[in-house]
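Taking it in order: structure first as structure tokens, then the write-up.
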Amino acid sequence: MTKGTTSFGKRHNKSHTTCRRCGKVSFHIQKSTCSSCGYPSKKMRQFNWGQKAKGRRTEGTGRMRYMKNMTRKFKNGFREGTQAKKQVVKAN
């Protein structure tokens, strides 16, 4: 038995399939856990030794449907229910 071409022909069983949470092909079928995000665990899998991996899936990498408005709201002091005062145009 050689360790090259002939061995590669025997590789036809998939140990990992697509994960429902992260979408990567990292969900181990027999273990029923994702090697990337840790699904079905409630908490996302993350380690301090993987700073780059943290940055790929952290806040600010998606649509930020809520957070993208926060800087503007913070700048105005989170005011609500008020109407902006009308600006009077001066005649030159």
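This is a predicted model, so every value here is computed, not measured.
- Crowding of Y66 atom OH: a count of heavy atoms from other residues, nucleotides or ligands under 6.0 Å not exceeding 12.
- To the nearest 0.5 Å, atoms CD (E59) and NZ (K54) are separated by 13.5 Å.
- Checking side-chain atoms of S35 against main-chain N and O of S26 turns up a donor-acceptor pair under 3.5 Å.
- More than 12 non-hydrogen atoms from other residues, nucleotides or ligands lie less than 6.0 angstrom from CD of Q51.
- The backbone N or O of T2 lies less than 3.5 Å from a partner atom in the side chain of S7, making a donor-acceptor pair.
- From T58, atom OG1 reaches atom CZ of R56 across 12.5 Å, with rounding to the nearest 0.5 Å.
- For the pair F27/S32, a side-chain contact is recorded, criterion being any heavy-atom separation below 4.5 Å from C-beta on.
- Side chains of S36 and C19 form no contact here, defined as non-hydrogen atoms less than 4.5 Å apart.
- In this pair, F74 and F78 present their aromatic rings perpendicular. The plane angle is above 60°, beyond the 30 to 60° band.
- In this structure, M70 CE and K68 NZ are separated by 14.0 Å, a value rounded to the nearest 0.5 Å.
- Within a 6.0 Å sphere centred on CZ of R57, heavy atoms belonging to other residues, nucleotides or ligands number more than 12.
- Contact annotation: the side chain of R21 approaches that of M44 to within less than 4.5 Å [non-hydrogen atoms, C-beta and beyond].
- Between S15 and I29, the closest side-chain pair of non-hydrogen atoms is not below 4.5 Å.
- Ring geometry, H16 versus H28: the interplanar angle exceeds 60°, so the pair is classed perpendicular (tilted spans 30 to 60°).
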